[in-house]
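For reference, the structure discussed in these notes is given below.
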Protein chains: 4
Amino acid sequence: MPKVGMEPLRRQQLIDATLKVIDEVGLARTTFALISKEAGMSTGIISHYFGNKKGLIDATVRYLVSQLRVKGVYTDPLQRLMGIVDANFAPIQRSRASGRAWLSFWAQSTQDADLHRLQQINRKRLISNLTYSFRPLIPAEHVKEAAETTAALIDGLWLHCALEPERQELFALHAKRCKVHIQRFLLQFATSNNARER
Amino acid sequence: MPKVGMEPLRRQQLIDATLKVIDEVGLARTTFALISKEAGMSTGIISHYFGNKKGLIDATVRYLVSQLRVKGVYTDPLQRLMGIVDANFAPIQRSRASGRAWLSFWAQSTQDADLHRLQQINRKRLISNLTYSFRPLIPAEHVKEAAETTAALIDGLWLHCALEPERQELFALHAKRCKVHIQRFLLQFATSNNARER
Amino acid sequence: MPKVGMEPLRRQQLIDATLKVIDEVGLARTTFALISKEAGMSTGIISHYFGNKKGLIDATVRYLVSQLRVKGVYTDPLQRLMGIVDANFAPIQRSRASGRAWLSFWAQSTQDADLHRLQQINRKRLISNLTYSFRPLIPAEHVKEAAETTAALIDGLWLHCALEPERQELFALHAKRCKVHIQRFLLQFATSNNARER
Amino acid sequence: MPKVGMEPLRRQQLIDATLKVIDEVGLARTTFALISKEAGMSTGIISHYFGNKKGLIDATVRYLVSQLRVKGVYTDPLQRLMGIVDANFAPIQRSRASGRAWLSFWAQSTQDADLHRLQQINRKRLISNLTYSFRPLIPAEHVKEAAETTAALIDGLWLHCALEPERQELFALHAKRCKVHIQRFLLQFATSNNARER
DNA sequence: TATGAATGAGCCTTCATTCAT
DNA sequence: TATGAATGAAGGCTCATTCAT
């Protein structure tokens with residue numbers, strides 16, 4: 001019997017190769033030939049494991065989404081907010097490839113129902129996390145807007161990182177900037193609370 | 001019968017057709033055949049006027065960039081900030097096509113030096129405009145951060161619009177939200193100014 | 001403007017090339033590469049004129065079907081029957097290719113609704129022609145069976161020709177044999193008529 | 001745990017699976033993957049037992065040919081003729097699969113020397129059987145033609161059954177029709193004999 | 001004896017680009 | 001100036017066959 005348990009390994013190897021190739025030539029020029037060469041396998045293996053190109057792309061996106069999960073457990077809401085920001089900047093900070101890939105997938109998601117769903121799930125999770133963390137910190141009527149605006153700010157800063165992949169210093173700078181912005185935002189309500197208390 | 005002076009008209013018709021096709025099928029599936037059919041011309045005319053596909057895409061991006069210019073003259077800095085926001089949401093509000101196209105071009109810009117340059121020019125102009133308007137309103141040491149963060153917020157909200165092209169109500173909502181956020185941001189400094197003045 | 005009126009010519013050239021290639025290597029190994037090489041054109045031209053492979057195959061079958069039409073006008077029913085036989089053996093007699101192609105298409109027709117329909121139309125036309133010609137010659141209650149059995153005999157003899165493409169003498173022999181059989185069949189009723197008349 | 005003496009069983013299971021798959025998707029789309037799945041075995045086993053695809057196809061044809069042997073022993077020549085007809089319609093009557101498969105193999109036989117030989121052997125045996133049975137019944141100078149024409153009629157009627165696999169009633173109808181035709185044919189000579197005798 | 005993961009040649013099809021008209 | 005027929009390279013995908021286990 002041939003080697004067993006190779007499937008998860010091979011799949012991950014192919015996903016890694018896909019991310020690398022997308023980083024190098026862009027999603028539009030990403031071909032089976034380039035991916036299989038990068039992975040050191042044959043072209044047939046991709047269809048074998050993922051059915052077709054869409055299957056590979058979907059799996060790659062799902063992998064990227066899974067990388068965004070918040071690590072660690074936070075008891076302090078503010079610490080949790082900072083953790084969310086870090087979790088969203090971590091992958092792009094780890095590898096330039098994921099930033100470019102995300103951008104391509106977002107663009108593609110307007111034409112592909114599955115990608116669109118994945119992207120929506122991802123966004124909803126982010127907003128849900130933010131909402132949960134903002135709630136103890138600010139008045140209820142501002143929570144929704146705070147969460148959605150913060151999500152947009154993360155996306156916007158993140159987008160800038162992806163568009164300037166050579167400027168690696170942006171990753172840390174923008175994560176920092178995002179945290180500062182949140183803290184300043186919270187300060188407003190602390191101030192007005194104080195004002196009211198006085 | 002060929003006519004003289006047709007060139008600018010033909011070029012614009014082809015650019016419009018290109019945007020429409022990108023909106024309908026995505027940049028990856030945008031072909032000369034679809035564009036020329038949409039424009040009611042032959043496939044050959046595209047190479048004739050734009051040299052090759054890249055020439056057409058570049059011209060289309062340049063057209064989109066030109067659409068973002070701030071309309072009107074503002075004397076009040078705050079009014080000018082609001083005008084910048086409106087100018088950035090106007091094109092996507094006018095036609096769903098430009099949102100999708102922008103997203104595709106951004107993704108492509110990581111692989112194409114010309115697109116990258118166009119995208120950088122656009123961004124620098126936005127930040128320059130924001131900087132100019134923030135300067136009279138907040139302390140000098142916060143201007144740069146305010147401009148860049150606001151630019152990111154605009155991009156992030158705009159991105160959400162582009163990713164949810166069916167939800168047309170987002171265009172106005174996000175423009176509004178962006179303006180509210182800017183005003184609240186300015187309020188901070190007004191408050192602290194007042195506090196100091198007292 | 002490029003040459004006009006090329007389409008019918010090109011289409012026929014490609015159909016002829018297809019028949020030749022099917023004859024040489026069989027339908028299963030008939031490829032765009034072989035067909036376009038045989039026709040002295042590029043591979044792309046086939047999709048250009050026929051959409052896809054199925055389009056080409058369907059057009060080729062339709063051409064073969066059109067070749068089976070009975071030539072000439074007959075007033076005498078018996079002469080007409082002989083004409084029908086000749087019309088059915090003529091194409092295979094003219095070119096070995098059509099015999100092999102027909103066989104392949106028949107085999108394929110069990111998997112392809114369009115081919116099945118074409119084959120049924122063809123068969124119904126043959127039986128209709130035979131019925132029309134038998135009617136004045138034999139009692140009404142035997143016409144249907146005579147037509148269907150004769151159709152089967154034509155198919156069976158024809159099949160033998162297609163399966164032995166090297167034995168070109170079979171074409172004439174089987175056409176002759178078919179006619180003899182029909183005449184002998186008619187003789188039966190002539191005899192019994194005479195018997196009854198007596 | 002491998003067993004000894006499995007070979008004949010495994011081979012037959014694979015041949016049965018092959019016939020089933022050919023019936024379902026046609027010879028052109030019959031793949032090792034489908035066959036092995038149908039048989040509940042691995043893809044490798046086919047090459048293991050039959051060498052390659054051609055080996056499997058040849059074995060399948062040989063199996064079909066073997067199914068056509070006349071069952072039973074007949075003393076009466078006329079009964080024997082009817083038995084030959086029954087033997088030729090029996091397989092297709094038993095399973096729709098064999099009809100489709102035969103048709104595919106016939107088409108393929110024009111490109112494959114081995115298949116062609118098998119098909120010729122089969123035909124010669126049929127004609128030999130018919131000749132042997134016709135000889136006591138009709139004048140010697142008509143035997144050859146009677147045998148060959150009857151063979152063609154059987155093929156033609158059989159072909160119609162294969163092309164209309166949904167119409168299962170055709171199997172019995174055409175077998176019957178074939179027998180009637182033979183009897184009417186024999187009647188001719190009986191009549192003329194009687195005439196002469198008178 | 002039996003497996004099924006892996007290969008890679010070859011298929012159909014798409015499409016930017018060319019060029020005779 | 002404008003056409004669109006024609007090209008042919010390159011893509012995704014299929015599948016018979018191999019071979020380590």
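Every chain is numbered from 1, with letters handed out A, B, ... down the list of sequences.
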Legend entry - Dot-bracket summary - DNA chain F, pairs being Watson-Crick or G-U whose distances fall under 3.5 Å, with | when paired to another strand: .||||||||||||||||||||
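- If you check the side chains of Gln120(D) and Arg117(D), you find no donor sitting under 3.5 Å from an acceptor.
- Within the 3.5 Å criterion, the main-chain N or O of Gln108(C) finds no donor-acceptor partner in the side chain of His116(C).
- Note on Arg10(C): a side-chain N or O is less than 4.0 Å away from OP1 or OP2 of dA6(F).
- In this structure, Leu27(D) CG and Leu103(D) CG are separated by 10.5 Å, a value rounded to the nearest 0.5 Å.
- As rounded to whole Å, 11 Å separates atom C1' of dT14(F) from atom CG of Leu34(D).
- No donor-acceptor pair under 3.5 Å is formed between the side chain of Thr110(D) and the backbone N or O of Trp106(D).
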Inset, instruction - Take nucleotides 8-14 of chain E nucleotide by nucleotide from the 5' end and write B, S or -, depending on whether a protein heavy atom sits under 4.0 Å from the base, only from the sugar-phosphate, or from neither. - result: BB-SSBB
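- The backbone N or O of Asp23(B) lies less than 3.5 Å from a partner atom in the side chain of Arg100(B), making a donor-acceptor pair.
- The CH2 atom of Trp102(D) lies 9.5 Å from the OG atom of Ser109(D); values are rounded to the nearest 0.5 Å.
- A straight line from CD of Glu7(A) to C1' of dA6(E) spans 13 Å, rounded to a whole angstrom.
- The CE atom of Met6(C) sits 14 Å away from the C1' atom of dT7(F) (whole-angstrom rounding).
- Atom NZ in Lys37(C) sits about 15 Å away from atom C1' in dG8(F), given to the nearest Å.
- Atoms CD1 and OG, from Ile45(B) and Ser36(B) in turn, are 10.0 Å apart once rounded to the nearest 0.5 Å.
- Gln67(D) meets the side chain to side chain donor-acceptor pair (under 3.5 Å) test with no other residue; sequence neighbours excluded.
- Spacing between atom CD1 of Ile46(D) and atom C1' of dT1(E) amounts to 16 Å, rounded to whole angstrom units.
- Ser98(A) places a side-chain N or O within 3.5 Å of a backbone atom of Pro91(A) that can act as its donor or acceptor partner.
- What separates CZ of Phe50(A) from P of dG12(F) is a distance of 15 Å, to the nearest Å.
- Residue contacts shown for Tyr49(B) are limited to sugar-phosphate atoms, with no base heavy atom under 4.0 Å away.
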